[in-house]
Amino acid sequence: MLPPIAVSFIYDEQNHQPFLIGFFTIFLTGFVLWLSAKNAKGDLRTRDGFVIATLFWVSLGLSGAIPLYFSSLPSLSLTDSIFESISGLTTTGATVITGLDTLPKSILFYRQQLQWFGGMGIVVLAVAVLPMLGIGGMQLYKTEMPGPVKDAKLTPRITETAKALWEIYLGLTIACTLAYWIGGMTFFDALTHSFSTVSIGGFSTHDLSFAFFDSTALNYICIVFMLVAGINFALHFRAAKSLSLKVYTHNNEFQTYLSILVVHTLLISGVLLFLGHVDIIEQTLFQVVSFATTTGFTSSNHANWPLFIPVLLLFMSFYGGCGGSTAGGIKVIRILILLKQLGKEITHLIHPHADMPIKLDQRVVSRPVINAVWSFFSAYILSFGLLMILMMMTGLDQITAFSAVAATLNNLGPGLGDISSSYATLPDTSKWIACFSMLLGRLEIFTLLVLFSPVFWRD
């Protein structure tokens, strides 16, 4: 709550009161809770981790809504305040606010800051916490697991791992800020947009998002940092430690990640050029990288692009970035394992007795990992279908309901239909469903769903 207060004084806005209310509310609540538990002793069990990880996002989402609710500009309801806060912290980027260009800079800074803190929380959750629970994109550091879960821990202690990730995250943020500033943004816009770029959040300080700047240089700077933020942060750590780019080039997930971006850019550019659109490569590459990494920045009105392209861009958010990144979606490593398993089953039809283990980075992927990937995929599709039906029950049309679930479950943000520019027109019930969807996607499905299982609560 303190940095936005500083911003309010720097720009002489007199808009510090909502953040002071937020500061003291959170401080006093936390102090009372701490007093009630300061003498408690005992080790945490593995299943306690599921509750902690879920409450982490829920409590922060509710806490983050306080200054938004008490602010006079914008004037948000409780539902809208919580929606905006959860969207920021989960780096979804869906917004119910219009007229961003007229808002106080302290509020604009606060929204961007939510995404920046949320992005780092996601990396630590994916790289340091979920593997300890035996779930997550890769179960990264179970040393007995081969394939996508190789290389043991980044560092021996979870605190050291978190510190190393923070250093990389902060370094990328500083580099991105300087690049934007040199590229022509004001320092305020450069700093705030670096927050939402490195976190793959997609919030902007302008209603037009990146189209506001109308700059080729800034578009390409954004493309580079979105692409980098969508890469597994464990790879960044190993590359920095070894001072070698071979860490990236020898990684199957990274190769697939780049291939997805290149193929879709060529496909969409080819269609647009065939239809007579010129100078479209820059816009196509920007939108492809933005949607594939689930950032959600827009440099043009993607919803008005011809033929199947808007739907294809939305479908790209299902890929997501690499595991252990700030991106949402299913994650490239899971997609890669699913495709390899599909190829194996097809080959088995022709050669029933062939022994064809699935390999990643020249290592065999164990059966438990493959089963976990298929279970996750099944849960993802079932959750998507159920959430879409619930959205339609609130009165949304099919296109809006489909894109709303895709955009929130994949932590993307922008959608199609009635939410192509803002979620403000959605009924409150739809917004609460969207909040649940954002948390479900951010917590990798199982972390949240396991709490609804009666077995989990049995002693």
Side-chain angles (χ1 to χ4, degrees), residues 57-58 61-62 64-65 67-69 71 73-103 107-108 110-112 114-115 118 196 199-211 290-291 294-298 301-304 310-311 313-314 317 328-329 383-384 386-442:
W57 293 102
V58 173
L62 296 176
L68 294 172
Y69 179 69
S71 176
L73 190 67
S75 179
L76 299 180
S77 66
L78 180 62
T79 297
D80 285 350
S81 300
I82 293 173
F83 180 97
E84 195 77 12
S85 175
I86 290 178
S87 177
L89 284 163
T90 59
T91 71
T92 301
T95 184
V96 293
I97 300 175
T98 55
L100 292 171
D101 300 84
T102 62
L103 292 184
I107 290 290
L108 294 175
Y110 178 68
R111 292 172 71 247
Q112 308 296 106
L114 282 177
Q115 293 209 316
S196 53
S199 67
I200 301 190
F203 272 167
S204 177
T205 56
H206 304 283
D207 285 321
L208 293 177
S209 190
F210 254 76
S290 178
F291 275 72
T294 71
T295 308
F297 282 137
T298 54
N301 193 344
H302 67 284
N304 291 335
V311 176
L313 287 172
L314 193 63
S317 67
S383 299
F384 185 95
L386 178 59
L387 288 169
M388 181 177 171
I389 291 171
L390 290 174
M391 283 287 195
M392 292 178 68
M393 289 173 64
T394 66
L396 302 188
D397 62 84
Q398 291 181 359
I399 293 177
T400 303
F402 173 84
S403 63
V405 176
T408 52
L409 189 62
N410 294 329
N411 302 122
L412 168 66
L416 304 173
D418 295 341
I419 59 167
S420 58
S421 58
S422 168
Y423 286 67
T425 58
L426 294 187
D428 281 357
T429 307
S430 300
K431 291 171 185 172
W432 284 109
I433 295 171
C435 287
F436 179 80
S437 180
M438 287 186 276
L439 290 170
L440 189 64
R442 191 73 280 167

**Complete:** Tightest non-hydrogen contact, residues Leu73 and Ser71, listed as O-OG, 3.0 Å

**Fill in**
Tightest non-hydrogen contact, residues Ile399 and Gly417, listed as CG2-N, 4.1 Å

**Message:** A side-chain contact here means heavy atoms from C-beta on lying under 4.5 Å apart; do Thr91 and Arg442 qualify?
**Reply:** yes

**Message:** Can you give me the closest heavy-atom contact between Met391 and Ala404, atom names plus distance?
**Reply:** CE-CB, 4.2 Å

**Asked** Leu314 and Leu412: side chain to side chain contact (heavy atoms under 4.5 Å, CB included), yes or no, with the steps?
**Response** CA-CA 9 Å; Leu314 193 63; Leu412 168 66; 3.7 Å; yes

**Prompt:** How are the rings of Tyr423 and Phe83 set to each other: parallel, tilted or perpendicular (split at 30° and 60°)?
**Reply:** tilted

**Item:** Close side-chain approach of Phe297 to Ser196, heavy-atom, < 4.5 Å
**Value:** yes

**Message:** What's the separation between atom CG in Leu76 and atom OG1 in Thr79, rounded to the nearest 0.5 Å?
**Reply:** 10.5 Å

**Prompt:** Nearest 0.5 Å, what's the CG-CH2 distance between Leu62 and Trp57?
**Reply:** 13.5 Å

**Request:** Report the C-alpha distance between Trp432 and Ile82 in whole Å, list the side-chain angles of each, state the deciding distance to 0.1 Å, and finish with yes or no for side chain to side chain contact (heavy atoms under 4.5 Å, CB included).
**Result:** CA-CA 9 Å; Trp432 284 109; Ile82 293 173; 3.6 Å; yes

**Prompt:** Taking atom CZ of Phe402 as the centre, does the number of heavy atoms from other residues, nucleotides or ligands within less than 6.0 Å exceed 12?
**Reply:** yes

**Message:** If we ignore hydrogens and angles and just use 3.5 Å, is the side chain of Ser85 paired with the main-chain N or O of Gly61 as donor and acceptor?
**Reply:** yes

**Request:** Calculate, to the nearest 0.5 Å, the distance between atoms CG and CG belonging to Leu313 and Leu416 respectively.
**Result:** 8.5 Å

**Residue of the set Thr394, Thr425, Asp418 for which side-chain hydrogen bond (donor to acceptor under 3.5 Å, both in side chains) holds with Ser430** = Thr394

**Asked** Do Leu100 and His206 touch side chain to side chain, with heavy atoms closer than 4.5 Å?
**Response** no

**Minimum-distance pair of heavy atoms, taken over all atoms of Gly296 and Ser290** = N-OG, 3.1 Å

**Message:** Donor-acceptor pair, distance only, cut-off 3.5 Å: does the side chain of Ser317 make one with the backbone of Thr294?
**Reply:** no

**Prompt:** Can you check whether Asn411 reaches Ile200 side chain to side chain, under 4.5 Å on heavy atoms?
**Reply:** no

**Request:** Check each of Leu114, Leu440, Leu439 against Thr90 using the side-chain contact (heavy atoms from CB on, under 4.5 Å) test, and report the only one that passes.
**Result:** Leu439

**Prompt:** Distance-only, no hydrogens or angles: does the Asp207 side chain make a donor-acceptor pair with backbone N or O of Gly99 under 3.5 Å?
**Reply:** yes

**Request:** Search all heavy atoms of Phe291 against all heavy atoms of Pro414 and return the closest pair with its distance.
**Result:** CZ-CG, 4.1 Å

**Asked** Once you round to the nearest 0.5 Å, how far does OG1 of Thr408 lie from CG of Leu387?
**Response** 7.0 Å

**Prompt:** When you look at Phe203 and Ser87, which way does the side chain to side chain contact (heavy atoms under 4.5 Å, CB included) test go after all the steps?
**Reply:** CA-CA 9 Å; Phe203 272 167; Ser87 177; 3.9 Å; yes

**Item:** Spacing of CE belonging to Met392 relative to CD1 belonging to Ile433, to within rounding of 0.5 Å
**Value:** 12.0 Å

**Message:** Between Thr92 (side chain only) and Gly413 (backbone N and O only), is there a donor and an acceptor less than 3.5 Å apart?
**Reply:** no

**Request:** Would you give the length of the straight line joining atom OG1 of Thr205 to atom CD1 of Ile107, rounded to the nearest 0.5 angstrom?
**Result:** 13.5 Å

